[in-house]
Amino acid sequence: MIELAIEPEPIVEIEPEPIAIPPTIESATTFAPDACLLLLHVDVDDVLEPEDRPRLAQLLLQLTGWQVAASATFGAGSTMTARALDILERGQWQAPPPRIAVIQDGSQPPITENLLFLRELRAAAGAQAQMLLALIGDPEDEDRLPPLRAFDYTDWQRKLDQMADPYLRLEMLAPPSDDGED
């Protein structure tokens with residue numbers, strides 16, 4: 001009778017793949033002296049088309065002189081807020097203090113949630129960070145970054161005045177139309 005010797009197969013250890021860390025956590029964004037962090041409210045971000053983004057950047061540049069170095073969306077929960085604050089806190093600002101542009105649909109009233117976000121943003125950015133709240137009107141198919149009505153602007157201005165933040169500036173992102181609408 002012939003005996004067959006069966007050798008056990010060698011055990012091969014497989015090293016697990018490293019877990020990918022999102023770039024905002026792994027590395028910091030470097031902000032040039034004329035650059036800002038752009039924070040878009042989710043309601044605005046959802047209606048913007050790719051062709052609207054250069055116009056948004058141009059309107060922001062005309063209003064502030066700031067280029068957009070990084071952007072994030074906020075307004076739909078704590079995960080979005082945490083991501084936006086992480087970009088801000090990890091940012092390498094070549095010319096501190098930080099510069100933050102927040103784009104919001106101003107046709108919606110300034111609810112407590114939005115005001116709390118601005119306070120949280122202020123706490124993370126520091127007392128002297130330059131913050132711009134740029135409001136747009138109710139987005140439409142033909143213009144997704146329309147001017148804001150004067151009435152809505154005044155409503156927001158009253159609420160922001162109560163915050164007494166000297167480095168928080170309120171503006172209309174797009175200049176008002178000349179047709180007298182408000």
Side-chain angles (χ1 to χ4, degrees), residues 22-77 79-110 114 117-118 120-122 124-125 129-153 156-157 160 167-182:
T24 57
I25 295 171
E26 184 177 278
S27 62
T29 301
T30 299
F31 292 87
D34 67 342
C36 71
L37 170 60
L38 173 63
L39 300 177
L40 287 165
H41 191 277
V42 66
D43 293 343
V44 175
D45 191 51
D46 283 348
V47 298
L48 291 181
E49 297 293 332
E51 62 269 18
D52 297 320
R53 299 204 184 263
R55 179 173 170 230
L56 171 63
Q58 183 60 38
L59 287 168
L60 185 60
L61 181 64
Q62 289 171 342
L63 199 57
T64 63
W66 300 341
Q67 302 284 339
V68 177
S71 66
T73 307
F74 74 96
T79 302
M80 272 188 175
T81 299
R83 181 173 181 269
L85 295 177
D86 183 63
I87 294 170
L88 171 64
E89 291 169 345
R90 291 180 177 272
Q92 301 298 315
W93 298 89
Q94 292 181 353
R99 292 158 301 284
I100 305 143
V102 179
I103 308 297
Q104 177 96 30
D105 178 354
S107 68
Q108 300 298 315
N114 299 127
F117 174 74
L118 291 173
E120 197 172 351
L121 192 57
R122 166 59 66 213
Q130 298 176 50
M131 290 174 39
L132 168 73
L133 175 58
L135 302 175
I136 64 167
D138 191 17
E140 303 166 354
D141 287 339
E142 58 274 356
D143 187 1
R144 287 171 291 276
L145 296 168
L148 184 66
R149 296 180 324 146
F151 173 82
D152 294 326
Y153 180 86
W156 277 87
Q157 186 65 59
L160 292 183
Y167 296 102
L168 173 60
R169 186 172 112 201
L170 179 68
E171 296 284 348
M172 291 184 201
L173 181 64
S177 58
D178 291 331
D179 62 10
E181 272 188 41
D182 64 356

Does the W156 side chain pair with the main chain of G106, one donor and one acceptor, at a distance under 3.5 Å?
yes
Please list, one pair per line, the donor and acceptor atoms closer than 3.5 Å that link side chains of residues 60-75 to other protein atoms, with sequence neighbours excluded.
| unit_1 | atom_1 | unit_2 | atom_2 | d |
| --- | --- | --- | --- | --- |
| T64 | OG1 | L60 | O | 2.7 |
| T64 | OG1 | W66 | N | 2.9 |
| T73 | OG1 | D45 | OD2 | 3.3 |

Kindly indicate whether the side chain of R55, heavy atoms from C-beta on, has any atom under 4.5 Å from the side chain of D143.
yes
What is the distance from atom OG1 of T79 to atom CG of D86, rounded to the nearest 0.5 Å?
12.0 Å
Backbone N/O of D43 and side chain of D46: donor-acceptor pair under 3.5 Å
no
Report the distance from atom CG of L132 to atom CG of L168, rounding to the nearest 0.5 Å.
8.0 Å
Got R53 and L40 here, is their nearest side-chain heavy-atom distance under 4.5 Å?
yes
Could you report the tightest heavy-atom contact between P109 and N114, atom names first, then the distance?
O-OD1, 4.0 Å
Closer than 3.5 angstrom, by distance alone: can the side chain of R169 be matched with the main-chain N or O of Y167 as a donor-acceptor pair?
no
A side-chain contact here means heavy atoms from C-beta on lying under 4.5 Å apart; do H41 and D105 qualify?
no
Can you check whether L88 reaches L39 side chain to side chain, under 4.5 Å on heavy atoms?
no
Sole candidate of L59, V47, L145 that passes side chain to side chain contact (heavy atoms under 4.5 Å, CB included) when paired with I136:
L145
Distance in Å, R99 CZ paired with F31 CZ, rounded so as to fall on 0.5 Å steps:
8.5 Å
Please enumerate all residues that pass side chain to side chain donor-acceptor pair (under 3.5 Å) together with D138, with sequence neighbours excluded.
none
Drop me the distance from L160's CG to L135's CG, to the nearest 0.5 angstrom.
8.0 Å
Do L56 and L173 come close enough that some side-chain heavy atom pair is under 4.5 Å?
yes
Does A129 offer a backbone N or O that forms a donor-acceptor pair with the side chain of R122 under 3.5 Å?
yes
Considering only heavy atoms from C-beta outward, does the side chain of V102 approach that of M131 to under 4.5 Å?
no
Trace of the side-chain contact (heavy atoms from CB on, under 4.5 Å) decision for L133 with L118:
CA-CA 9 Å; L133 175 58; L118 291 173; 4.0 Å; yes
